[in-house]
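Letters A, B, ... mirror the listed sequences (proteins, then strands); counts begin at 1. Just so it is clear, the structure is predicted and the values come from calculations on it, not from any experiment.
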Amino acid sequence: MLEIGSMGYNAALLAELAGSAGHVTSVDIDGDIVERARAHLTAAGYDRVEVVHADAEYGVPSGAPFVRIIVTVASPDIPPAWLAQLATKGRIVVPLQMKGRCHRHLTTPGTRSRSVNPKDFRAQPLSRVLAASRPRAQSRAAGPGAPVGGVQGRGWERCRHLADIGWGNVGGVGHHRRVLLIDVVRVSEAVTRTSARLGKVGHLAELLGRVGPDEAEIAISYLSGELPQRQVGVGWRTLEDVPQPKLAATATLAHVDELLSRIKAVSGAGSQAARRALVGELFAGLTSQEQQFMRRLLFGELRQGALDGVMIEAVAKASGAPSADVRRALTLRGWLPAVGAAALTGGVDALRAFRLEVGRAVSPMLAGSAPNVAAALDKAGAPAALEWKLDGVRVQAHRSGSEVKVFTRTLDDITPQVPELVEGVLAMPYDDLVLDGEVIALRPDGRPHPFQVTASRVSSKTDIERLREQTPLSVFFFDALRVDGADLLDLPYAQRQEALARAVPQGLLTPRLVTGETAEAERFFIDVVKAGHEGLVVKSLTSPYAAGRRGAGWIKVKPRHTLDLVVLAAEWGHGRREGKLSNLHLGARDPEGGFVMLGKTFKGLTDELLAWQTERFLELAEGPTDSWTVTLRPELVVEIAFDGVQRSPRYPGGMALRFARVLRYRPDKRVEDADTVETVRSLML
DNA sequence: CTAAGAGCCTC
DNA sequence: GTCGGAC
DNA sequence: GTCCGACGAGGCTCTTAG
């Protein structure tokens, strides 16, 4: 496969390409250019021209239009001379309309970059341009269009792959079949059928061994249950009626990916209809097997028993790199498909080239949990650091010079929503920082607002200036990944804390206590809860910043409430709970008579309990029952644990339980013994 | 102009 | 977010 | 010790329907 990018549609270039290969894909953001390219290519005898949206991954500054053309040799009968010609052409990326400082360069597979005069490029056949171009210094190869960060751009990997599969060597050309969606679907089905994790890894690695770098990102993405586009605005409603499936599976990954990008891109009035039409177009090109797969993928319910964790192993196996290196690269890059593609083409060296990069979010370290402070100290190892656990939104703040970016736990950029935080970081004495913390809305008296207030403020994008006056945000940092240009991830907690204290003013530090004494720790826990906060995070003094893992380094402890509630109804489960009544509707007793629903839960149920309750509920079934919900006679009392009571706009009592889970059934209790709404209401204050 | 639905984010 | 099951 | 998949609460934005 060969890729050529240019700034605009170039008739001479396309004409030449038309003489050399069998399949052309044009990538562009300008409809007119696309149409002209399509017309030209069609006239040149191509039966298939696909249009894909350009993306930022080529390192082209946003707004700089460019065209990418991918030429695939579709027939193994291509004359060797053509292959030789293709192999020397390699890849050209010329961003257009970057007036003044226009970087232009050219790379050929397995060789060095060269400079290209864009005028020549436009006016002359490619071969002549190449012949006239001079070698360019290797060290400056990374201009626009070249990979960002060395190994992460797709284009570069593609070029390397050309060399790998022997395109530079005309004598020994192997035929590299394009990977189809159906190939991925079949592997997914094999993974689903296999229960052993190593077996799953084997199936995935086998596929990774035969995808080209072009498709690697898409394949890895799909097989770890996500879309490269992340979300495309398609849910169950949009998929209610899709066209009849096709009989032959011909859809390529690139084609599906392109359609999904277009689906994501539509917006404005009429967009829902347009999106539906595009979804229809996508599904019309898929077999029923593929449709099923795509449906689950779009819902985010792949249910094949393999996500990132298993795919990491598969990437390791297929690339020959240790999984620790894959994992490490993932925490720094935040997106497994990019890491996987790099590993497949560049091996362990490419993985080790990933670095903490200011401005690019790192997967945050997560905490395990323990039922009480003593258990947490035991897990983390005493003495440990105890930090206040604030009930807000996790943030990762990056500062490079005077530029600050703020990311959430899932690496979303929320910088515009939190100006207070930006100002706070800009006031710090270092201009090269990556900090980990929590934003929270505090009342004037310093006590925290309910979580809902913080969440509402953080997710609001309009009228920020007014909102920040009404509900100012505070930020409390608790870790430092980089201070003053030094990466700290591998240092023990205690040393990272020293750096944190240097960079962050006292008022923005999360309150903490270092102790090995259980009694002292428990007093600290009581204090933080009294102050209205969520609990504590107990941290090992020696653990590094294990990004992206829920390790033993950090252990959270929260107080737990319980209530005896009545089961009002239950919902049929899905997936591994198919055929079982799973989700319980929970009600508190109303002293006036009847019950007030406070929420639902499906958590805390063992398989045995699930089987038991399904049988029992069907005996108690009464009243309106549909394919979703079974209403019950209110006779069963169940003990429920939960974190707190919050105001609810949805439930009749105006309140709902947060993180409700089943502890056990209480056959010894009668409904008359269940807790009342008054008891629950008193917990909300 | 308002309300409701859908999708996607936080916890 | 929590939890149980499976490796 | 880890990973996965069962699904919970609220609330914001964007779009469409009335």
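A:Leu307 places its CG atom 13 Å from the C1' atom of D:dA6, with the value rounded to the nearest Å. Rounded to whole Å, atom P of D:dG8 lies 14 Å from atom CD of A:Gln646. For A:Gln417 and B:dC8, the CD to P distance is 17 Å, given to the nearest whole Å. Atom CE of A:Met365 and atom P of D:dG1 are 13 Å apart (whole Å). Whole-Å rounding puts the A:Lys264 NZ to D:dT15 C1' distance at 17 Å. Taking atom CG on A:Leu605 and atom P on C:dT2, their separation rounds to 16 Å, with Å as the unit. Regarding A:Asp413, its CG atom lies at a distance of 12 Å from the P atom of B:dT10, rounded to whole Å. Atom pair A:Gln229:CD and B:dC8:C1' shows a separation of 16 Å (rounding to whole Å applied).
Put simply, A:Lys558 has a side-chain N or O that comes within less than 4.0 Å of OP1 or OP2 on C:dT2. Side-chain nitrogen and oxygen atoms of A:Arg275 include none within less than 4.0 Å of the OP1 or OP2 phosphate oxygen of B:dG7. Note on A:Gln452: every side-chain N or O is 4.0 Å or more away from OP1 and OP2 of D:dA9. OP1 or OP2 of B:dG7 sits under 4.0 Å from a side-chain N or O of A:Thr238. Between A:Gln231 and B:dG7, a side-chain N or O to OP1/OP2 separation shorter than 4.0 Å is absent. Look at A:Asn583 and you won't find any side-chain N or O under 4.0 angstrom from OP1 or OP2 of D:dA6. Within the structure, a side-chain polar atom (N or O) of A:Thr462 is placed less than 4.0 Å from OP1 or OP2 of D:dT13. Residue A:Thr606 places none of its side-chain N or O atoms closer than 4.0 Å to OP1 or OP2 of C:dG4. Contact annotation: A:Arg276 side-chain N/O to D:dT15 OP1/OP2 distance is not under 4.0 Å. Side-chain N/O atoms of A:Thr408 include one lying less than 4.0 angstrom from OP1 or OP2 on B:dT10. Regarding contacts with the backbone of D:dG10, a side-chain N or O of A:Arg650 is found under 4.0 angstrom from either OP1 or OP2. For B:dC11, the OP1/OP2 oxygens have a side-chain nitrogen or oxygen of A:Arg409 closer than 4.0 Å. A sub-4.0 Å separation between OP1 or OP2 of C:dC7 and a side-chain N or O of A:Ser195 is present. Taking side-chain N and O atoms only, A:Arg303 has no distance below 4.0 Å to OP1 or OP2 of D:dG5.
Under 3.5 Å, the side chains of A:Ser682 and A:Thr679 contain no donor-acceptor pair of N or O atoms. Between A:Asp490 and A:Tyr545, the side chains place no donor N or O within less than 3.5 Å of an acceptor N or O (distance only, hydrogens not considered).
Among the atoms of the strands shown, none is found under 4.0 Å from any heavy atom of A:Arg560. Residue-level contact check: A:Lys556 touches the backbone only, with heavy atoms under 4.0 Å from sugar-phosphate atoms and none from bases. Within the nucleic acid shown, A:Lys389 comes within 4.0 Å of sugar-phosphate atoms alone, with no base atom in reach, counting heavy atoms only. Using a 4.0 Å heavy-atom criterion, one finds that A:Val458 contacts no nucleic acid atom at all.
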Next item on the list: Give the C-alpha distance, both sets of side-chain angles, the deciding distance and a yes or no for side-chain hydrogen bond (donor to acceptor under 3.5 Å, both in side chains) between A:Trp335 and A:Glu226.
Entry: CA-CA 10 Å; A:Trp335 195 53; A:Glu226 60 178 31; 3.2 Å; yes
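Counting only heavy atoms from C-beta on, A:Trp236 has its side chain closest to B:dG7 among B:dC8, B:dG7, D:dG8. Of the candidate nucleotides B:dT10, D:dA9, D:dC3, D:dC3 has the atom nearest to the side chain of A:Arg327. The A:Ser459 side chain lies nearest to D:dC12 when the options are C:dT2, D:dG5, D:dC12. Closest to the A:Gln272 side chain, of the nucleotides C:dC7, D:dA9, D:dT16, is D:dT16. The listed nucleotides are D:dC3, C:dG1, C:dC7; the one nearest the side chain of A:Val310 is D:dC3. If you check B:dC9, D:dG10, D:dT16 against the side chain of A:Ala269, the one that comes closest is D:dT16. Which of D:dG11, D:dG5, D:dC3 sits closest to the side chain of A:Arg197 comes down to D:dC3.
Of the C1' atoms belonging to B:dC8 and C:dG1, the separation is 16 Å, rounded to the nearest Å.
Comparing A:Leu598 and A:Ile312 against DNA chain D, the residue whose closest nucleotide sits nearer the 5' end is A:Ile312. Along DNA chain D, the nucleotide nearest to A:Gly309 and the one nearest to A:Lys461 differ in position, and the one closer to the 5' end is contacted by A:Gly309. Between A:Glu534 and A:Asp607, the residue anchored nearer the 5' end of DNA chain C, judged by the nucleotide with its closest heavy atom, is A:Glu534.
No close placement of the A:Trp628 and A:His585 rings is indicated, their centers lying 6.0 Å or farther apart. Two rings, from A:Trp388 and A:Phe476, have their centers 6.0 Å or more apart.
Under the 4.0 Å criterion applied to side-chain N and carboxylate O atoms, A:Glu301 and A:Arg296 are not assigned as salt-bridge partners.
Evaluated for a side chain to side chain donor-acceptor pair (under 3.5 Å) with A:Glu189, the options A:Gln292, A:His203, A:Gln289 yield exactly one hit, A:Gln289.
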